[in-house]
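Contents: one structure, followed by commentary.
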Amino acid sequence: MKKNPIETILGFCVLIFAVVFMFYAAGRVDTRQVEGYHVWANFSKIGGLQVGSDVMISGIKVGTVMKTQLNQDDYTADVLLSINSNVNLPIDTVAAIADAGLMGDKYVRLEPGKSRALLKEGSKMLNTKNYKSLEDNVSEFIFLSTK
């Protein structure tokens, strides 16, 4: 089998481009866990939220999901969030689980409230919105359109 030198050079170029792209992508992605104070949120459905997922306010990362566990009393999901210590959240902050994109990644979206009282280490968020899957949204739309 005869080897063409142009194919070999082109193969090396593709490999070099792939390595450069990987280093660029690794430098752009913020995968560090946020260290700060911890708060709990309780959801009926978390839709595949994973430990290490982002916690965001207005699209800015302010925290990390540290732990998910099943609440044995009512069979809901307890989620432990680590929030940046520079971010002071009011006690009426709403936590919602949202899709980060088409690939199925989930994150916790926080909508700060207006209260002057702030969440402290170990406190529990009282206002949460459960994850709504694409199927839930479609069935809701169909149900509303048939009324």
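Positions are given from 1, in the same order as the sequence printed here.
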> With side chains defined as the heavy atoms from C-beta onward, is the minimum distance between I83 and V55 less than 4.5 Å?
Replying inline: yes
> Who are the side chain to side chain contact (heavy atoms under 4.5 Å, CB included) partners of Y75, not counting sequence neighbours?
Replying inline: L70, Q72
>> Suppose we screen for salt bridge (charged side-chain N to carboxylate O under 4.0 Å, His left out). Which residues come up paired with K124, at least two apart in sequence or across chains?
In response: none
> CG of N127 to CG of N42: how many Å apart, nearest 0.5 Å?
Replying inline: 12.0 Å
> Any donor-acceptor pair under 3.5 Å linking the side chain of S115 with the backbone of A117?
Replying inline: yes
> For D78, which residues count as a salt bridge (charged side-chain N to carboxylate O under 4.0 Å, His left out) partner, sequence neighbours excluded?
Replying inline: none
> Does any non-hydrogen side-chain atom of I97 lie less than 4.5 Å from one of F43?
Replying inline: yes
> Looking at CG of L119 and NE2 of H38, how far apart are the two atoms once the value is rounded to the nearest 0.5 Å?
Replying inline: 13.5 Å
> Would you say V65 and L80 make side-chain contact, with heavy atoms under 4.5 Å?
Replying inline: no
> Who are the side chain to side chain contact (heavy atoms under 4.5 Å, CB included) partners of D73, not counting sequence neighbours?
Replying inline: N71
>> Taking the side chain as everything from C-beta on, heavy atoms only, tell me whether I46 gets closer than 4.5 Å to V79.
In response: yes
> Considering all heavy atoms of both residues, which atom of L110 and which atom of A95 are nearest to each other, and what is their separation?
Replying inline: CD2-CB, 3.7 Å
>> Can you confirm whether D99 sits close enough to K106 that some side-chain heavy atom of one is under 4.5 Å from a side-chain heavy atom of the other?
In response: yes
> Distance from K61 atom NZ to D54 atom CG, nearest 0.5 Å?
Replying inline: 4.5 Å
> Of the non-hydrogen atoms in V51 and K67, which two are nearest, and what is the gap between them?
Replying inline: CG2-CA, 4.0 Å
>> Can you tell me how far apart OG (S44) and NZ (K129) are? Round to the nearest 0.5 Å.
In response: 14.5 Å
> Same hydrophobic cluster for M56 and M125, using side-chain heavy-atom links shorter than 4.5 Å among ILVMFWY?
Replying inline: no
>> Once rounded to the nearest 0.5 Å, what's the spacing between atom CG of N84 and atom CD1 of I60?
In response: 11.5 Å
>> Can a donor-acceptor pair be found, under 3.5 Å and without considering hydrogens, that links the side chain of Y107 to the backbone of G59?
In response: no
> V108 pairs by side-chain contact (heavy atoms from CB on, under 4.5 Å) with which of V62, T128, L81, I57?
Replying inline: L81
>> Quick test of your reading: applying side chain to side chain donor-acceptor pair (under 3.5 Å), list the pairs with at least one residue in residues 86-97, sequence neighbours left out, ordered by first then second residue.
In response: none
> Near L15 CG, under 6.0 Å, is it more than 12 heavy atoms from other residues, nucleotides or ligands?
Replying inline: yes
> Does the side chain of Q69 come within less than 4.5 Å of W40's, by heavy atoms?
Replying inline: yes
> Who are the salt bridge (charged side-chain N to carboxylate O under 4.0 Å, His left out) partners of K45, not counting sequence neighbours?
Replying inline: D136
> With hydrophobic residues grouped by side-chain heavy-atom distances under 4.5 Å, do I91 and V87 end up in a single group?
Replying inline: yes
> Okay, side chain of E111, backbone of R109: is any donor-acceptor separation there less than 3.5 Å?
Replying inline: no
> So, for S82 and G36, which heavy atoms are closest and what is the spacing to 0.1 Å?
Replying inline: OG-N, 3.5 Å
